[in-house]
Every structure is written in structure tokens, then in C-alpha cells.
Amino acid sequence: MATLNTPLISLPRNPNSQDPNPTSITVNNDRYFANHPILSAIEQCSDTKQLKQVHAQMLRIGLFFDPYSASKLITASSLSPFSSLDYAQQVFDQIPHPNLYTWNTLIRAYASSLDPNQSFLVFLKMLHRCPEFPNKFTFPFVIKAASELLASRVGRVCHGMGGCPEEALELFRGMEAENMKPNDVTMVGVLSACAKKLDLEFGRWVHSYIERNKISLGLTLSNAMLDMYTKCGSVEDAKRLFDEMPEKDIVSWTTMLAGYAKLGEYDAARRVFDAMPRQDIAAWNALISAYEQSGKPKEALAIFHELQLSQLAKPDEVTLVSTLSACSQLGAMDLGGWIHVYMKKQGMKLNFHLTTSLIDMYSKCGNLEKALEVFFSVQRKDVFVWSAMIAGLAMHGRGREAIDLFLKMQEAKVKPNAVTFTNLLCACSHTGLVEEGRLFFNQMKPVYGIVPVVKHYACMVDILGRAGLLEEAVELIEKMPIAPSASVWGALLGACRIHGNVDLAEHACSRLLELEPRNHGAYVLLSNIYAKSGKWERVSGLRKLMRDSGVKKEPGGSSIEANGIVHEFLVGDNSHPLSKKIYSKLDEITTSLKSVGYVPDKSHLLQLVEEDDVKEQALYLHSEKLAIAFGLLSMAHSQPIRIVKNLRVCGDCHSFAKLISRLYDREILLRDRYRFHHFRGGQCTCMDYW
DNA sequence: GTAGGGTTAG
């Protein structure tokens with residue numbers, strides 16, 4: 001055994017000598033000592049006595065505290081012809097902090113023993129004591145023989161846990177450790193959990209596991225696997241499986257359809273839709289929701305209309321949730337309201353999803369009172385319902401009420417989540433509630449157990465920055481435990497615009513552009529700041545920079561719903577059939593506004609427009625002005641003018657709208673990228689704080 | 001028994 005005396009040069013410190021706490025030097029690199037000569041000596045042992053000698057040697061020179069080496073010892077003591085599980089357990093118990101590899105080895109040892117159920121106990125201990133999560137090596141070791149009875153029980157539990165994929169997967173792992181052979185029903189639950197966790201690697205492993213264990217791949221299990229592949233982002237794997245399936249049903253087709261649609265491959269999705277033997281409502285819903293969720297609300301509504309015309313299927317709750325969401329995005333309140341009436345006529349009961357969508361739709365379409373009506377009309381409310389209502393109040397600048405609602409939510413014992421806090425902080429920001437914002441932000445972790453993520457920091461920077469507390473905002477950014485995102489710098493930049501801080505703006509802008517070089521919003525904001533302080537040469541420098549780097553300003557657009565039809569206007573748009581009338585109406589408005597002292601604020605107009613175009617300023621009329629003029633032309637006086645804009649409203653359009661609301665005695669509801677502006681009698685609900 | 005389509009967000 002001369003090799004046993006080989007000095008252990010490669011060990012950084014001797015763990016077995018003076019160190020009172022040998023655990024501290026456990027090497028985490030499993031293969032660090034893979035070539036140590038002692039390890040081959042282990043393999044040469046032919047009885048327990050020899051093995052014990054090697055063990056002693058390993059302890060003496062410290063090699064034992066290397067997890068990989070210790071595992072070799074466990075393997076030898078448990079799996080060799082002279083195996084002794086008791087001894088293997090002893091060896092294991094000497095390891096101060098066994099790592100995943102070591103645990104796996106012991107589980108494997110028990111799984112191969114006469115009493116495989118023991119491996120389940122070891123597995124439970126591992127879940128309790130091992131800081132690492134079980135991995136794919138944990139399972140193959142422990143699956144030997146099992147009881148079908150228990151397997152199906154666990155299968156059901158897995159299914160019951162469809163809200164908690166994590167636990168379902170853990171159960172599967174636990175089940176394997178208990179030596180229960182999973183059947184196809186179990187695997188459906190496991191795949192469904194994979195799909196929810198978006199774990200492709202594990203999903204692929206489960207696939208091969210199913211094949212290796214000859215679990216019957218029936219229609220349902222195949223469908224579950226299709227779903228796993230599409231959800232985990234591999235539509236290729238799904239397609240391959242789909243083509244191989246001897247039997248397909250409507251679920252298989254819909255799964256493929258949804259897979260393509262979610263990837264934005266709408267043509268492929270449509271081909272699947274048209275090719276399937278029959279389109280039930282789920283298939284329609286898959287198309288509608290894919291469009292709605294990828295910011296294509298018009299396309300979503302077009303499909304909804306097609307569905308109604310075809311009468312091939314009846315809209316259900318899911319259809320209406322997606323369609324309402326499309327209405328929210330567009331500000332299409334007539335259609336949204338129609339859906340609400342339709343639901344009542346159908347006798348549909350409001351579930352949480354529908355309630356949330358209705359509140360969101362009414363809020364985003366500008367009818368906050370109606371949103372509140374829905375909110376108070378339902379008895380039971382979940383965190384989505386509460387959060388949507390808080391968001392609604394927030395975007396309408398009713399921060400105090402949002403906070404009140406947040407407090408009521410706790411009386412109702414509904415636990416707020418991260419989104420609730422985003423909405424709440426948003427409410428504080430729009431209403432300038434600095435103290436409250438600070439308080440809630442600081443309470444998140446200690447009181448509610450919610451760790452602030454970057455979005456919450458962005459809100460907080462926004463709250464502080466808007467209020468002019470730029471130093472405190474910068475301090476917060478510097479102290480952030482996570483890397484500030486573009487939105488954090490964006491919030492700071494926005495604050496610099498309000499408070500005219502050019503130096504800080506330049507800093508924030510450059511940090512933002514480091515993260516998102518093509519963020520045109522950053523250029524526009526900085527340009528606004530330069531323009532406001534009269535630094536025109538810097539404005540043109542910025543313009544050149546944008547041109548050279550090929551960054552284009554996102555064109556502003558506004559939409560307005562009149563008599564059930566959504567009309568869209570782009571900046572300088574003259575494509576509307578009533579364009580001529582709209583422009584002459586605008587002339588008329590401008591003249592009358594000027595007579596009461598309106599002075600167009602050109603700094604917003606000039607900002608990033610090419611020199612030559614500036615001469616044709618009329619071509620660059622902001623879209624909200626066109627939409628307002630159209631609203632005045634085509635809507636009854638009693639009707640408020642509701643406009644949705646894709647960008648933030650500029651100062652000039654803001655004062656323009658205020659004046660119109662007084663001069664023409666019209667209510668104007670303008671939703672911009674960040675919030676609502678509710679103009680009435682020459683005032684705006686944002687109190688000019690936006 | 002199990003599988004497809006859904007809600008709040010700087």
C-alpha cells in the first residue's frame with residue numbers, strides 16, 4: 001500500500017490537523033481529487049478490513065473531507081461484493097457537510113439494498129439538510145422497484161399541486177427515493193410541473209426517463225409532453241413528437257397552435273388552426289390570447305369578431321378575459337362595456353379572472369367609477385382583484401384611495417404580492433406621497449416578506465426623484481443590493497427632466513445607454529432637458545448621435561374610440577378619411593386658444609426633428625392633438641373624449657388639452673404611457689405632476 | 001385520475 005503514503009500536495013490546507021472546524025474546508029469541487037492515487041486503492045480493496053485501512057489513511061491526510069473522495073468510499077462500502085450498509089452509513093455520518101453528490105451516493109446505496117424504502121428516508125433527510133436541490137443524478141439511483149398503489153397516489157397529489165410545480169417535482173423525487181415506480185399518470189403531473197417551471201433540461205430528462213422505463217406513452221402523456229416542450233420554448237421538439245404521435249386529439253392540436261402563437265409565429269399558428277379537424281373554444285382562445293399578450297390587441301379583437309361571426313364556438317370566460325385585456329390595451333371601452341353586458345346576459349358569474357379583467361379594462365379606458373363599482377360588487381376578492389384596483393386608482397392619480405385600499409386589503413386578510421407593491425408605490429409616485437412611499441418600501445421585506453426587486457427600486461427612485469430628492473434617489477441607487485436596471489436610470493433621468501439637472505441627467509442617460517444602447521426614450525428625455533435649458537448645440541449633437549447610431553425615435557400615436565370604432569393617429573398623420581376637416585378644426589382651435597393667451601411651447605416640438613422638417617411644423621402635430629380635434633368633430637358634447645397615447649404626453653399638448661377642456665367645456669381623458677390625465681374645466685387630475 | 005386556452009406590473 002505504498003501509494004497510500006503519497007503526500008497530498010494538492011490539498012490547500014490540511015483539514016485534519018489543527019483546524020478545529022474541519023467543515024470549513026470542505027472542497028466543493030467534486031472532481032478536485034479525482035486522480036488521487038488513494039482513490040484507485042479503494043477500488044482495489046477486496047474486503048471491509050482493507051477498506052477501513054484506506055478510510056483511516058484518508059482521514060489522516062484529509063482526503064476524506066473531499067466530498068468526491070468520501071463518496072468513493074461510500075460507493076465501495078455499499079456496492080461492492082463485501083458491502084455493508086451499516087459501514088456506509090458510518091462513513092457518511094463522519095462527513096460534516098455532505099454535498100449533493102455524497103447524498104446521492106448514499107441514496108443510491110440504499111436503493112440497491114434489501115430495504116430500498118430506506119432511501120426515501122435518506123432522501124427526506126437530504127431535503128432537510130442539504131443546501132443543494134436534488135438533481136437529475138438523484139433519481140436514477142433510487143428507482144428500482146416500487147408499488148403501483150403508491151405511485152398513483154403520488155400522481156394524484158402531483159396533479160393537485162398544479163399551483164406549486166416545485167412541490168410536485170419534489171414529490172416525484174421523493175417518490176423515486178421511496179422506490180415507487182411512477183406510472184404514466186404520475187409522469188403527466190411531473191411534465192406539467194416542468195412546463196410550469198420552464199425547465200427544458202429536466203423535461204428532456206423526464207422524456208428519456210419515460211422511454212427508458214417503458215412507461216406507456218399514451219395520448220394524454222404525449223399531450224403533456226407536447227405542452228412541456230412548447231412551454232419550455234422548444235417547439236421543434238414538440239413538432240417532432242407531434243409528427244410521431246400515432247393518435248392526436250384536439251388537445252394535441254391546440255397545444256401546437258398555442259406553441260407557435262406564443263412564439264409570434266402567427267402564420268404557423270393559423271395553419272395549425274385551419275388544419276385541425278375541429279376548432280373548439282380553447283383553440284380560438286389560444287389565438288386570441290397569443291395576440292393580446294404580445295401587444296397585438298387589434299389582431300386579438302379581429303379574431304374575436306371572426307369567432308362571433310362564425311358562430312363555430314361560444315365565447316367562454318377565458319375568451320372574455322383575453323378580449324377584455326385587448327380592450328384595455330386599446331382603450332376600447334365600448335367593446336369592453338359590451339362584453340360586460342354580454343356576460344350579464346349569459347348569466348356568467350364573475351370569477352377572479354373576469355373581475356380583474358373588468359376592473360383593469362374600465363380603469364385603463366378611463367372609467368374609474370365603473371371599475372370601482374365592479375370591485376365593490378363582488379364579495380370575494382383575491383390578490384389579483386385587489387392589485388388591479390390599486391393599480392386603477394394609482395394610474396388615475398388617486399394615491400390616497402389606493403393606500404386606503406391597500407390597508408383594507410390587509411383587513412380582508414389577502415396577502416399582497418410583489419405586483420401589489422409595484423402598484424402601491426406607483427400610486428405614491430403619481431400623487432407625490434414621498435413619506436408613504438418610503439414607509440411602504442421599507443416595510444416590504446421586514447413586514448411583508450417580499451424582497452424588493454429592481455422594479456420596486458425604479459418606483460422608489462421615481463418617487464424620490466419627482467419630489468426633487470435627487471440626492472436621496474442617487475443614494476438609493478448606490479446602495480441597491482442588485483444591479484440597477486435601465487428603468488432605474490430612466491426614472492432618475494425623468495426626475496432630472498422635471499428638475500432641470502443637466503449634469504445628473506447626462507450621467508443617468510449614459511448609464512442607461514450602457515444597458516440599452518438603442519433606448520430612444522433616453523435620447524428624447526435628455527434632449528428635452530437640453531432644450532429646456534437652452535443648450536441647443538447639445539440637442540443637435542444628440543440628434544447626430546442618434547442618426548449615426550441608427551436609433552429612431554418611436555413615433556407617437558394616439559387612439560380614440562368613437563361609436564365603437566377605434567381610430568388611430570400617428571404624429572403628423574394625414575391618412576384619416578376626415579383628415580382635412582381635422583386639420584381645419586385644429587386651426588380653428590389654435591386660433592381660439594391663442595385668443596385666450598395660449599402660446600405654443602416649441603421646445604417639445606423642436607426636440608428631435610430634423611432641421612428641414614421644423615419648417616413644416618404642421619406635419620409634426622402630436623397625435624393627441626389630432627385625436628382631440630377628431631373627438632371634438634365626431635362625438636356628442638355629452639361624451640367625454642377618451643384618448644390612449646403610446647408615449648408620454650408633452651407639456652405643450654398638456655396645456656393645450658387643459659385649455660380645450662375649459663374653452664369647449666369638454667371632458668378629456670388622456671391615457672399616456674404612465675398614467676391618466678383627466679382634463680376638466682381647465683384643470684388636470686395630475687395636478688401638473690407627471 | 002392525468003393533457004390544451006386566462007387576470008394585476010417602471
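Order of the sequence lines fixes the chain letters, A, B, ..., with proteins taken first and strands second; residue numbering starts at 1 for each chain.
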| task | Kindly say whether the aromatic ring centers of A:Phe406 and A:Phe421 come within a distance under 6.0 Å. | result | yes
| field | Quiz item: cation-pi between A:Lys381 and A:Phe375, 6.0 Å / 45° | value | yes
| message | Can you see if the side chain of A:Lys364 gets near the phosphate of B:dA9 - specifically, an N or O under 4.0 Å from OP1 or OP2? | response | yes
| request: Please state whether the rings of A:His677 and A:His654 are parallel, tilted or perpendicular, taking 30° and 60° as the class boundaries. | output: perpendicular
| task | For DNA chain B, find the residues of residues 227-239 of chain A with a heavy-atom distance under 4.0 Å and give them by number; none if there aren't any. | result | A:Asp227, A:Lys231
| query | Which residue, A:Lys349, A:Met343, A:Met348, forms the side-chain contact (heavy atoms from CB on, under 4.5 Å) with A:Glu317? | reply | A:Met348
| query | Counting any heavy atom closer than 4.0 Å, what does A:Arg648 reach on the DNA or RNA strands: base, sugar-phosphate only, or nothing? | reply | base
| said: Are A:Phe273 and A:Trp253 an aromatic pair, judged by ring center distance below 6.0 Å? | reply: no
| Of the residues in residues 293-317 of chain A, which ones touch DNA chain B at a heavy-atom distance under 4.0 Å? | A:Gln293, A:Asp316, A:Glu317
| message | Tell me whether the side-chain N or O atoms of A:Thr255 pair up with the base of B:dG4 as donor and acceptor below 3.5 Å, since no angle test is needed here. | response | no
| message | Does B:dG6 have OP1 or OP2 under 4.0 Å away from a side-chain N or O of A:Ser289? | response | yes
| message | Distance criterion of 3.5 Å, no angle test: do you see the side chain of A:Asp280 paired donor-to-acceptor with the base of B:dG4? | response | yes
| query | Does A:Thr356 make a side-chain donor-acceptor contact with the base of B:dT7, cut-off 3.5 Å? | reply | yes
| task | Would you classify A:Ile359 as touching base, sugar-phosphate or nothing, given that sugar-phosphate means primed atoms plus P, OP1 and OP2, and contacts are heavy atoms under 4.0 Å? | result | nothing
| request: Select base, sugar-phosphate, or nothing to describe what A:Asp249 touches, counting heavy atoms under 4.0 Å on all strands. | output: base
| query | So, is A:Lys262 near the phosphate of B:dG6, with a side-chain N or O under 4.0 Å from OP1 or OP2? | reply | yes
